[in-house]
S.K.: 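Here you go, one structure.
For reference, positions follow the sequence shown, starting with 1.
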Amino acid sequence: MACTASVIVEVSGSVLSSRDGVRGVKRLSTVHGLSGGFLPALAKRRPILGMQCETSSLGGFRGVSEGRAKSQSFRLKVVADSGVTTIQEDSIEEDSILHPEEENEVKDVVEYDWEKEWYPMYLTAEMPKAAPLGLTVFDRELVLFYDDKGELHCFEDRCPHRLAKLSEGKVTDGKLECLYHGWQFEGSGQCTKIPQLVPGAKIPKQACAKAYEVKISQGVVWVWLGDRATADPSKLPWFEHYEREGFQHISAIHELPYDYSILVENLMDPAHIPISHDRTDPSARRENAQALVFEVTERSSRGFAGKWKEISSPSFTNATRFEAPCIVRNDKEYVKPDGTDAHMSAVFLCRPAGQGKCMLIARFGSTNFPGSLKMIPPWYIHITSNTVFEQDMGFLASQNEDLVKKNLPTKDLYLNLKSSDTWVSEFRKWNDLVGHGMPYYFGHKTISQAKNPAVVEVAPAGFSAAAASSYPAQGSFGEMFARDPTNRYFRHVVHCRSCLSALGSFQTYQKVATAFGLAAAGVAIVLPSVVWRATLVITALLAFAAAYACSRGIAILTKNYVRPHRKGVQ
């Protein structure tokens with residue numbers, strides 16, 4: 001009786017393909033599951049009557065012209081007997097890698113003007129009322145300020161006189177004053193005062209600051225980057241769920257040291273949450289990491305949208321939407337135990353703030369927040385969000401560095417999986433569609449680096465000097481160390497009234513408690529009464545404990561999170 005053997009092998013090599021499938025193996029380069037020389041030797045001794053395979057591209061070899069050699073990986077079932085060798089189709093799982101040959105591949109560009117868009121600048125609740133605030137969009141430097149009527153204005157952050165930063169100036173009688181030579185500008189951008197003009201001379205018409213259209217909507221300041229006459233109110237983002245009855249939200253600003261596109265990727269990546277943020281939130285646990293199922297429901301020049309679920313979930317419950325140019329939304333609708341509908345929402349407004357940096361306005365909301373949440377100070381709630389962004393920051397910043405250094409589109413660098421990275425692939429393909437004309441972008445198949453390197457855009461010395469003197473507003477820091485854009489204090493606290501106020505209180509209470517403890521201990525030494533001495537010693541200990549507690553509060557607001565396994569590692 002003929003001896004028959006059946007094994008599963010995985011072959012990587014070049015194949016000759018046609019519309020009907022694989023015609024034959026042109027070259028065998030890797031064999032998995034057998035000894036390295038088995039299959040070639042077997043092929044020499046026995047004819048191969050037929051084969052079928054599954055490649056790593058969605059849809060197999062569809063679209064490959066007849067006779068064209070193409071490198072693929074496939075799995076074969078080899079059945080060998082004493083008389084003949086056949087290679088039969090085996091049932092295998094669909095390949096999990098997202099490839100550029102997939103359907104919906106970007107093949108063209110669409111009409112899109114990155115300047116004719118509204119960009120999120122700042123939370124109105126955090127805007128300084130009596131000083132200008134300098135911010136950037138891509139490589140464009142802008143300054144925001146309130147006039148004496150409480151109206152908000154936006155200029156290019158350059159004085160037309162000698163290009164000094166207007167954000168380093170001050171607001172005088174409702175006018176923005178450049179502190180280099182004292183030129184003053186009203187809300188329209190027109191210069192109203194030049195101290196150095198001779199008496200009776202007229203202010204030159206050219207002496208005006210470039211003004212931008214600015215709007216306030218749902219607590220956020222938005223700026224139109226194009227000409228003011230082209231400002232389109234219909235494009236101003238509006239979040240309907242913020243108007244729902246019972247909806248509450250928590251908002252915070254974070255400045256982050258990597259490109260905004262990497263931030264967008266990170267925010268629409270549910271797969272990393274159980275791993276990177278394990279135990280940071282009760283719902284984030286490493287053991288819950290699993291494959292995800294994605295469904296794209298919309299695609300356009302304005303972005304894309306879809307649903308996703310964990311593979312263990314019974315139905316789609318999570319919705320993700322990217323809206324050009326800066327908005328990521330994650331929404332979840334669910335039914336509460338009492339049978340009423342509830343809505344959870346995370347809205348992320350991601351502003352490109354220059355090469356290798358971005359600013360995020362994070363807004364978390366729900367119709368099911370407990371009433372007691374209002375009693376918790378925002379600074380305490382922000383501890384968790386700070387920790388989350390610091391857990392991601394190291395590898396996202398290094399990812400940014402690699403993208404810039406290698407100067408390649410992401411299809412040549414990423415190994416995207418269908419079960420985790422569908423939104424990432426969609427976003428990079430959207431950049432391919434609309435990136436033309438942008439100051440810089442990283443797409444799936446295309447890339448455009450900035451014309452000027454980051455060191456020119458923001459020279460280190462000038463950056464430190466400008467930041468130390470004016471960022472975010474209210475004058476000099478007056479500190480020994482220059483601003484560190486990766487530190488929690490400079491990333492978030494300087495942009496948050498609640499955190500900044502809490503930090504000041506902790507610092508004051510620490511000094512008072514320390515002084516009180518020292519005084520109590522000193523008096524206890526000289527008192528003859530044992531009872532009074534014991535009382536004062538206990539009082540001193542309690543005061544020192546309070547001072548220590550304040551020091552921990554200061555650390556929470558000024559020191560970054562360090563993963564436990566990294567502590568003590570040099």
S.K.: Between K193 and E177, is there a side-chain N and carboxylate O pair less than 4.0 Å apart?
M.R.: no
S.K.: Apply side chain to side chain contact (heavy atoms under 4.5 Å, CB included) to residues R302 and Y112 and explain how you reach the verdict.
M.R.: CA-CA 9 Å; R302 304 299 304 162; Y112 178 84; 3.7 Å; yes
S.K.: Among pairs that include at least one residue of residues 155-179, which meet ring-ring contact (aromatic ring centres under 6.0 Å, His included), considering only residues two or more places apart or in two chains?
M.R.: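 Passing the test, one end in residues 155-179: F145-F155, H161-H181, H161-W183.
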S.K.: Restricting to non-hydrogen atoms, name the atom on E390 and the atom on Y561 that form the minimum distance, rounded to 0.1 Å.
M.R.: OE1-N, 2.7 Å
S.K.: Check whether any side-chain heavy atom of Y414 lies under 4.5 Å from a side-chain heavy atom of S425, and answer yes or no.
M.R.: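 Side chain of Y414 against side chain of S425, heavy atoms only: no contact under 4.5 Å found.
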S.K.: Rounded at 0.5 Å granularity, tell me how far CZ in F364 sits from CE in M344.
M.R.: 9.5 Å
S.K.: Please answer whether the main-chain N or O of C326 pairs with a side-chain N or O of R351 as donor and acceptor at a distance below 3.5 Å.
M.R.: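 Checking the backbone N and O of C326 against the side chain of R351, no donor-acceptor pair under 3.5 Å is found.
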S.K.: Determine the minimum heavy-atom distance between Q510 and A547, stating which atoms define it.
M.R.: CG-O, 3.7 Å
S.K.: Enter the distance from F348:CZ to R363:CZ here, rounded to the nearest 0.5 Å.
M.R.: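 Answer for the CZ-CZ pair, F348 versus R363, is 12.0 Å.
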S.K.: Using every non-hydrogen atom in the two residues, find where P237 and S217 come nearest and quote the distance to one decimal.
M.R.: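 Minimum heavy-atom separation between P237 and S217: O-OG, 3.7 Å.
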S.K.: Are E240 and R329 ion-paired here, with the side-chain N under 4.0 Å from a carboxylate O?
M.R.: yes
S.K.: Side chains of E265 and F442: does their closest heavy-atom pair fall under 4.5 Å?
M.R.: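 E265 does not reach F442 side chain to side chain.
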S.K.: Under a plain distance cut-off of 3.5 Å, with no hydrogens placed, do R563 and S276 share a side-chain donor-acceptor pair?
M.R.: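 Yes.
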S.K.: Got a sec: does the CZ of F395 have more than 12 other heavy atoms crowding it under 6.0 Å?
M.R.: yes
S.K.: Heavy-atom distance under 4.5 Å between the side chains of K429 and R299, does that happen here?
M.R.: no
S.K.: Could you walk me through whether R428 and S261 pass the side chain to side chain contact (heavy atoms under 4.5 Å, CB included) check?
M.R.: CA-CA 8 Å; R428 294 301 179 180; S261 66; 3.1 Å; yes
S.K.: Can you say whether the rings of H254 and F389 are parallel (under 30°), tilted (30 to 60°) or perpendicular (over 60°)?
M.R.: tilted
S.K.: Evaluate W430 against F322 for ring pair (Phe, Tyr, Trp, His ring centres under 6.0 Å), listing each step before the verdict.
M.R.: CA-CA 10 Å; W430 175 82; F322 169 72; 4.8 Å; yes
S.K.: Should V214 and M121 be marked as a side chain to side chain contact (heavy atoms under 4.5 Å, CB included) after you check the CA-CA gap, both sets of side-chain angles, and the distance that decides it?
M.R.: CA-CA 10 Å; V214 60; M121 303 301 288; over 6 Å; no
S.K.: In Å and rounded to the nearest 0.5 Å, what is the CD1 to CG distance from I253 to L256?
M.R.: 11.5 Å
S.K.: Which is it for F138 and W114 under the ring pair (Phe, Tyr, Trp, His ring centres under 6.0 Å) test, yes or no, and what are the steps along the way?
M.R.: CA-CA 10 Å; F138 283 111; W114 68 276; 5.2 Å; yes
S.K.: So do the side chains of T387 and R488 get within less than 4.5 Å of each other, counting heavy atoms only?
M.R.: yes
S.K.: Just wondering, do I556 and F506 contact through their side chains at under 4.5 Å, heavy atoms?
M.R.: no
S.K.: Main chain of L166, side chain of D157: is a donor-acceptor contact present, judged purely on distance under 3.5 Å?
M.R.: yes
S.K.: Does D281 reach the side chain of T384, with side-chain heavy atoms less than 4.5 Å apart?
M.R.: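 Sidechains of T384 and D281: no contact.
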S.K.: Would you say T280 and Q391 are linked by a side-chain donor-acceptor pair, where the criterion is simply a distance under 3.5 Å?
M.R.: yes
S.K.: I need the single residue from K406, K405, Q399 that forms a side chain to side chain donor-acceptor pair (under 3.5 Å) with D402. Which is it?
M.R.: K406
S.K.: Can you tell me how far the SG atom of C358 sits from the CG atom of L396, to the nearest 0.5 Å?
M.R.: 9.0 Å
S.K.: Going through the checks in order, is the side chain to side chain contact (heavy atoms under 4.5 Å, CB included) test met by F185 and C159?
M.R.: CA-CA 9 Å; F185 303 87; C159 178; 4.0 Å; yes
S.K.: Quick one: does S167's side chain have a donor or acceptor within less than 3.5 Å of a partner on V143's backbone?
M.R.: no
S.K.: Just by distance, do the side chain of Y242 and the backbone of Q218 share a donor-acceptor pair under 3.5 Å?
M.R.: no
S.K.: Does N330 use its side chain to pair, donor to acceptor, with the backbone of A346 at less than 3.5 Å?
M.R.: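 Judged by distance alone, no pair lies under 3.5 Å.
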S.K.: Counting neighbours of CE on M438 that are heavy atoms of other residues, nucleotides or ligands and sit closer than 6.0 Å, is the number greater than 12?
M.R.: yes
S.K.: Salt bridge between D147 and K149, side-chain N to carboxylate O under 4.0 Å?
M.R.: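 K149 and D147: not salt-bridged.
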S.K.: Answer yes when E323 and K235 have at least one side-chain N-carboxylate O distance shorter than 4.0 Å, and no when they do not.
M.R.: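 No, E323 and K235 are not salt-bridged.
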S.K.: Give the table of side-chain donor-acceptor pairs shorter than 3.5 Å for residues 219-232, with sequence neighbours excluded, one pair per line with atom names and distance.
M.R.:
residue : atom : partner : partner atom : Å
W224    : NE1  : D227    : O            : 3.4
W224    : NE1  : T230    : OG1          : 2.9
D227    : OD1  : A229    : N            : 2.9
R228    : NE   : E213    : OE1          : 3.2
R228    : NH2  : E213    : OE1          : 3.4
T230    : OG1  : D227    : O            : 2.7
D232    : OD1  : S234    : N            : 3.0
D232    : OD1  : S234    : OG           : 2.5
D232    : OD2  : S234    : OG           : 3.1

S.K.: Search all heavy atoms of A271 against all heavy atoms of S420 and return the closest pair with its distance.
M.R.: CB-CB, 3.5 Å
S.K.: Treating D259 as the side-chain partner and N400 as the backbone partner, does any N or O pair qualify as donor plus acceptor under 3.5 Å?
M.R.: no
S.K.: So does A125 get a backbone contact from the side chain of R497, meaning a donor-acceptor N/O pair under 3.5 Å?
M.R.: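 Looks like yes, one N/O pair under 3.5 Å.
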S.K.: Answer yes when E255 and K357 have at least one side-chain N-carboxylate O distance shorter than 4.0 Å, and no when they do not.
M.R.: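 Salt bridge between E255 and K357, a charged N being under 4.0 Å from a carboxylate O: no.
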S.K.: So H277 and H272, would you call those rings parallel, tilted or perpendicular, with 30° and 60° as cut-offs?
M.R.: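 Geometry flag for H272 against H277: perpendicular rings.
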S.K.: Please check this pair: side chain of D148 against backbone of K175, looking for a donor-acceptor N/O pair closer than 3.5 Å.
M.R.: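 Answer holds: no.
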S.K.: Looking at every heavy atom in both A209 and P160, which two are closest together, and how far apart are they?
M.R.: N-CG, 4.5 Å
S.K.: Nearest heavy-atom pair of C350 and P352: which atoms, and what distance?
M.R.: O-CD, 3.6 Å
S.K.: Taking C-beta and beyond as the side chain, do V493 and H382 meet within less than 4.5 Å on heavy atoms?
M.R.: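 No, their side chains stay 4.5 Å or more apart.
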S.K.: Has the side chain of E156 got a donor or acceptor atom that lies under 3.5 Å from a matching backbone atom of K210?
M.R.: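 No: the side chain of E156 does not pair with the backbone of K210.
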S.K.: How long is the straight-line distance from OG1 of T320 back to NZ of K332, given to the nearest 0.5 Å?
M.R.: 12.0 Å
S.K.: CD of E111: more than 12 outside heavy atoms within 6.0 angstrom?
M.R.: no
S.K.: What I'd like to find out is whether the side chain of P409 reaches to under 4.5 Å of the side chain of H444, using heavy atoms alone.
M.R.: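 P409 does not reach H444 side chain to side chain.
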S.K.: Indicate whether the side chain of E186 and that of S188 have a donor and an acceptor atom separated by less than 3.5 Å.
M.R.: yes
S.K.: Ignoring hydrogens and angles, tell me if any N or O in the side chain of D432 forms a donor-acceptor pair with the backbone of T446 under 3.5 Å.
M.R.: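 Yes; judged by distance alone, with no hydrogens or angles, the pair exists.
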S.K.: Quick one: pull up CG in D331 and CZ in F239 and give me the separation to the nearest 0.5 Å.
M.R.: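 D331 atom CG to F239 atom CZ measures 10.0 Å (nearest 0.5 Å).
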